[in-house]
Amino acid sequence: QVQLVESGGGSVQPGGSLTLSCTASGFRFGDYAVAWFRQAPGKEREGVACISNDRGSTYYARFAGGRFTISRDKAKNTVVLQMDALKSEDTATYYCATTTGGLWSASWYRASEYEYWGQGIPVTVSS
């Protein structure tokens, strides 16, 4: 059974950093693309970053570029999202997601492309 579990969320002041981890069980995480999404209250779920399964290519939403970094630890079956220079508008519930099907890089930000999701973890950026 495929299961994704996020960890590392919490509260931080503006300008601070958080590291989110997504750990998989039930399959080899390294064989598939993995993405992070977020959803703020009253807003649609949006793609944050994605790491591919082959060369480890990475893709970022415009708001994340330069501040967020996605990486993979295949030995730990984990994908990490390092978030720096956090802003109040980064407040949301963050989800990791993956698919065992093919993923077009141009569609990485579409939630409909992913079939497996974690339960989500809240991130609050506030002074």
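No experiment lies behind these values; they were computed from the predicted model shown.
- Taking F63 as the reference, nothing meets the ring pair (Phe, Tyr, Trp, His ring centres under 6.0 Å) condition, with sequence neighbours excluded.
- For E44, the CD atom is loosely surrounded, since the number of other residues' heavy atoms within 6.0 Å does not exceed 12.
- A chain of hydrophobic side-chain contacts below 4.5 Å, direct or via other Ile, Leu, Val, Met, Phe, Trp or Tyr residues, connects Y60 to L18.
- Taking the side chain as every heavy atom from C-beta outward, F27 and L4 approach each other to under 4.5 Å.
- Taken from CZ in R28 to CG in N53, the straight-line distance is 11.5 Å, to the nearest 0.5 Å.
- Atom-to-atom distance recorded for Y94:OH and Q39:CD is 12.0 Å, nearest 0.5 angstrom.
- Residues I70 and Y59 have side chains not in contact (no heavy-atom distance under 4.5 Å, counting atoms from C-beta outward).
- Screening residues 97-127 for disulfide (SG to SG under 2.5 Å), with sequence neighbours left out, gives no hits.
- The backbone N or O of A33 lies less than 3.5 Å from a partner atom in the side chain of T98, making a donor-acceptor pair.
- At a threshold of 4.5 Å between non-hydrogen side-chain atoms, the residues L20 and M83 count as touching.
- Taking the side chain as every heavy atom from C-beta outward, I121 and V5 never approach each other to under 4.5 Å.
- Side-chain atoms of E115 and T100 include a donor-acceptor pair closer than 3.5 Å.
- Note on V79: it clusters hydrophobically with Y32, by side-chain heavy-atom contacts below 4.5 Å among ILVMFWY residues.
- Residues T78 and S21 bring no donor and acceptor atom of their side chains to less than 3.5 Å of each other.
- Under 3.5 Å, the side chains of T19 and Q82 contain a donor-acceptor pair of N or O atoms.
- Figure legend: R45 and Y95 shown as a cation-pi pair, the cationic atom lying under 6.0 angstrom from the six-membered ring centre and within 45 degrees of its axis.
- Under the disulfide (SG to SG under 2.5 Å) criterion, C50 pairs with no residue, sequence neighbours left out.
- Side chains of V48 and F68 form a contact here, defined as non-hydrogen atoms less than 4.5 Å apart.
- In this structure, the separation between OG1 on T58 and CH2 on W108 is 10.0 Å, given to the nearest 0.5 Å.
- Taking NZ of K43 as the start and CD of E89 as the end, the distance is 8.0 Å to the nearest 0.5 Å.
- N77 places no side-chain N or O within 3.5 Å of a backbone atom of T23 that could act as its donor or acceptor partner.
- K87 and D90 are not joined by a salt bridge, as no carboxylate oxygen comes within less than 4.0 angstrom of a charged side-chain nitrogen.
- Side-chain atoms of D84 and L86, non-hydrogen and from C-beta on, never get closer than 4.5 Å to each other.
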Review point. What do the steps show when you test T124 against V12 for side-chain contact (heavy atoms from CB on, under 4.5 Å), and what is the final call?
Key: CA-CA 6 Å; T124 302; V12 65; over 6 Å; no

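- Here L81 contributes atom CG and R38 contributes atom CZ; the two are 10.0 Å apart, rounded to the nearest 0.5 Å.
- Here the closest non-hydrogen pair linking P14 and S127 is CD-N, 3.6 Å.
- Put simply, CD on Q119 and CD on E6 are 4.5 Å apart, with the number rounded to the nearest 0.5 Å.
- Pairs engaging residues 33-52 under the ring-ring contact (aromatic ring centres under 6.0 Å, His included) rule: F37-Y114, F37-W117 [sequence neighbours left out].
- With sequence neighbours left out, the ring pair (Phe, Tyr, Trp, His ring centres under 6.0 Å) criterion links Y116 to no other residue.
- Here K74 pairs with R72 under the side-chain contact (heavy atoms from CB on, under 4.5 Å) rule; sequence neighbours left out.
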